[in-house]
K.L.:
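Take this structure, written in structure tokens, and hold onto it; I'll ask about it next.
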Amino acid sequence: MRKKSKMMSEHSRPERSPLVLDRSFFDRPTCQVAEELIGKYLVRRIGSKNVPAMITETEAYDGPNDEACHAHRGMTPRNAPMFGAAGHWYVYFVYGMHWMLNIVTGPKQYPAAVLIRGVTLEDGTVLDGPAKLTKYLQINRTLNDSMTSKETGLWIEDRGILIDRMRIKRKPRIGVGYAGAWAEKEWRYVYKEVDN
DNA sequence: ACGATGATGAAC
DNA sequence: TTCATCATCGTA
């Protein structure tokens, strides 16, 4: 048994085969999950194929006090999944045409989630925008409130990609101008590729 | 800069 | 029941 490196997070295991992340990964502070999701793989079962997509951009929505969080004004039918167990999908419809994919984080009853805003496919195709990736990966209401797992056809894997933390930029969240001071919080995590 | 497009939630 | 709003995107 190899000794675990001191610098390695409990949730990073580069020397092993792909690990399907479970509740323990998501049941942690929202911003930490949002940052550590960069470089992980969102995998979607489409027909008989698994489509992997490396996560490159996320946004954290953290609890009842966060005015940008859907749960800021309490539980409603739409945001109920956010109050549930970590590791469940929160999928909702906006602007009359777009599906947004979030993964619930933190303890039960504490409404928090991470919005997946961008991914890169195996062939290098960049899906930069939360609605672009849900359209491509065929994600909609049917996945709402289901657990991330191979069973549901949508899950997240750690494939051992080592991400240089210096390449993860923190920025203000998008489209939350109504949230007052909370709109300025840099809870958006963007992976900056190496430019040639 | 703006229109598409319809669910959602709060007010009445 | 009405109505403003909306964690966006493609076209201009």
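Here is how names work: the chains are called A, B, and so on, in the same order as the sequence lines, proteins then strands, and each is numbered from 1. Because only heavy atoms are used, hydrogens play no part in the values below, and waters and symmetry mates are left out as well, while side chains stay in.
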K.L.:
For a quick check, tell me whether the side chain of A/His98 and the base of C/dA7 share a donor-acceptor pair closer than 3.5 Å.
P.N.:
no

K.L.:
Return yes if a side-chain donor-acceptor contact under 3.5 Å exists between A/Trp155 and A/Glu157, otherwise no.
P.N.:
yes

K.L.:
Round to the nearest Å and state the distance from A/Leu133 atom CG to C/dT8 atom C1'.
P.N.:
12 Å

K.L.:
Round to the nearest Å and state the distance from A/Met75 atom CE to B/dA10 atom P.
P.N.:
13 Å

K.L.:
Do A/His70 and A/Tyr92 make the cut of ring centroids closer than 6.0 angstrom?
P.N.:
yes

K.L.:
Among the candidates B/dT8, B/dA7, C/dA7, find the nucleotide nearest to the side-chain atoms of A/Arg141.
P.N.:
B/dT8

K.L.:
Hey, does A/Met97 reach any base, or is it just sugar-phosphate, or nothing, if we go heavy atoms under 4.0 Å?
P.N.:
base

K.L.:
Below the 4.0 Å mark, does C/dA7 have OP1 or OP2 next to a side-chain nitrogen or oxygen of A/Arg188?
P.N.:
no

K.L.:
Does A/Arg117 have a side-chain nitrogen or oxygen under 4.0 Å from the phosphate oxygens OP1 or OP2 of C/dA7?
P.N.:
no

K.L.:
Would A/Arg28 count as a cation-pi partner of A/Phe26, with NZ or CZ less than 6.0 Å from the six-membered ring centre and within 45° of the ring normal?
P.N.:
no

K.L.:
Please work out if A/Arg173 contacts a base, only the sugar-phosphate, or nothing of the nucleic acid, heavy-atom cut-off 4.0 Å.
P.N.:
nothing

K.L.:
Whole angstroms only, please: what is the CG-P distance between A/Asp128 and C/dA7?
P.N.:
19 Å

K.L.:
Phosphate oxygens OP1/OP2 of C/dA7: is one of them under 4.0 Å from a side-chain N or O of A/Tyr90?
P.N.:
no

K.L.:
Stem ranges for DNA chain C, with three or more consecutive Watson-Crick or G-U pairs under 3.5 Å?
P.N.:
B:1-4 with C:8-11, B:6-11 with C:1-6

K.L.:
By a 5.5 angstrom centroid cut-off and a 30 degree plane limit, is there stacking between A/Tyr95 and B/dA4?
P.N.:
no

K.L.:
With sugar-phosphate meaning primed atoms plus P, OP1 and OP2, does A/Ile174 contact a base, only sugar-phosphate, or nothing at under 4.0 Å between heavy atoms?
P.N.:
sugar-phosphate

K.L.:
Could you measure the distance from the CG atom of A/Asp27 to the CG atom of A/Asp22? Nearest 0.5 Å is fine.
P.N.:
10.0 Å

K.L.:
Looking at CD of A/Glu36 and CD1 of A/Ile55, how far apart are the two atoms once the value is rounded to the nearest 0.5 Å?
P.N.:
12.0 Å

K.L.:
I need the CG-C1' distance between A/Asp62 and C/dA7, as an integer number of Å.
P.N.:
15 Å

K.L.:
Tabulate below the donor-acceptor pairs under 3.5 Å that side-chain atoms of residues 96-115 of chain A make, not counting sequence neighbours, or state none.
P.N.:
residue, atom, partner, partner atom, Å
A/Asn102, ND2, A/Tyr90, O, 3.1
A/Thr105, OG1, A/Thr30, OG1, 3.0
A/Tyr110, OH, A/Asp62, OD1, 2.8

K.L.:
Which whole-number value in Å describes the distance from A/Trp99 CH2 to B/dT5 C1'?
P.N.:
13 Å

K.L.:
Does A/Tyr61 have A/Arg173 sitting over its ring (NZ/CZ under 6.0 Å from centre, angle to axis within 45°)?
P.N.:
yes

K.L.:
Let me know the distance between NE2 of A/His72 and P of C/dT5, rounded to the nearest Å.
P.N.:
17 Å

K.L.:
Report which part of the nucleic acid A/Ala131 touches: base, sugar-phosphate, or nothing (heavy-atom distance under 4.0 Å, all strands).
P.N.:
sugar-phosphate

K.L.:
Write down the distance between CG (A/Leu115) and C1' (C/dC9), rounded to a whole number of angstrom.
P.N.:
15 Å

K.L.:
Rounded to the nearest 0.5 Å, what's the gap from CZ on A/Arg117 to CD1 on A/Ile174? Could you check?
P.N.:
5.0 Å

K.L.:
Can you find a side chain N or O atom of A/Lys132 that sits less than 4.0 Å from OP1 or OP2 on C/dG10?
P.N.:
yes

K.L.:
Tell me: CE of A/Met82 to P of B/dG9, nearest whole Å?
P.N.:
12 Å

